[in-house]
Amino acid sequence: MDPLTIALAKGRTADSTIDLLHKTGIHFPDFTKDSRKLVFFSSDQSIKLIFVKAVDVCTYVDKGAADIGVVGKDNILESGADIYELLDLEIGKCKFSVAGPIDHPPLDEVSQLTVASKYPGVAEKFFKEKGIEVDLIKLNGSVELAPLIGMSDVIVDIVETGNTIRENGLKVMDDIEDISTRLIVNKSSFATKTKSIQYIIDQFRAGLE
Ligand code: PRP
């Protein structure tokens, strides 16, 4: 039987996911945290892990290159991928928030904003629902810099400890959504490999308990 393919992002998510599976007796003997390898098999060869960029996990699952993905809700929302989201792994907890300079007027007092974000899709949807017209600037990191140097009025970004916005003199102006790591599944894989996918989901659940 073909192994089930699970797409993961290297780093904390992968380490926590592998720890979770390890607790339930699924081991990846070749895996080490500092390995540069991108593919690992479980001891019984029933699971194949592939390491991809976090922003690409949804694409691999949507296209069927992976049956299952473990990825942040932030990337799921931004990708718009047509996948099933079946389990909250309750790791990597943070929030999508709007942040801006301390003296910025509240959002309900503005009708137009320039917004910098790594997540322009999420930002556009949020402000559209609020009836605020936005000019979006897509950045790939260090987003907190944009309002500091006058490139944008506000940002939409992930806030975890709040240290980055505080240390850069910004404040949270609104919370958009709670984020955490989720288990996602390709729709046709779920139809054709229901039993083995359900087994993996049960193992993740057991590991969480
Ligand atoms: C993320 C995010 C914030 C920061 C939030 O950035 O985009 O900048 O972490 O965490 P905090 O609330 O605990 O400070 P990341 O570390 O991924 O770096 P980046 O700026 O390169 O995206």
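In listed order, ligands and their atoms are each counted from 1. Index from 1, following the sequence.
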Could you go through residues 131-151 and list every donor-acceptor pair under 3.5 Å that involves a side-chain atom there, pairing it with any protein atom two or more places apart or in another chain?
residue	atom	partner	partner atom	Å
Lys138	NZ	Asn140	OD1	3.1

Test side chain to side chain contact (heavy atoms under 4.5 Å, CB included) applied to Ile50 and Leu38, Val39, Val57, Ile6, the passing residue:
Val39
Salt bridge or not between Glu78 and Lys118? Use side-chain N to carboxylate O under 4.0 Å.
no
Any sub-3.5 Å donor-acceptor pair from Asp44's side-chain atoms to Ser46's backbone N or O?
yes
Quick check against the 3.5 Å criterion: does Ser42 have a side-chain atom that pairs as donor or acceptor with the backbone of Ile26?
no
Protein residues having a heavy atom less than 4.0 Å from any atom of ligand 1
Lys118, Gly141, Ser142, Glu144, Asp157, Ile158, Val159, Glu160, Thr161, Gly162, Asn163, Thr164
Evaluate the criterion ring-ring contact (aromatic ring centres under 6.0 Å, His included) for residue pair Phe40 and Phe28; output intermediate values, then yes/no.
CA-CA 7 Å; Phe40 296 93; Phe28 296 88; 7.8 Å; no
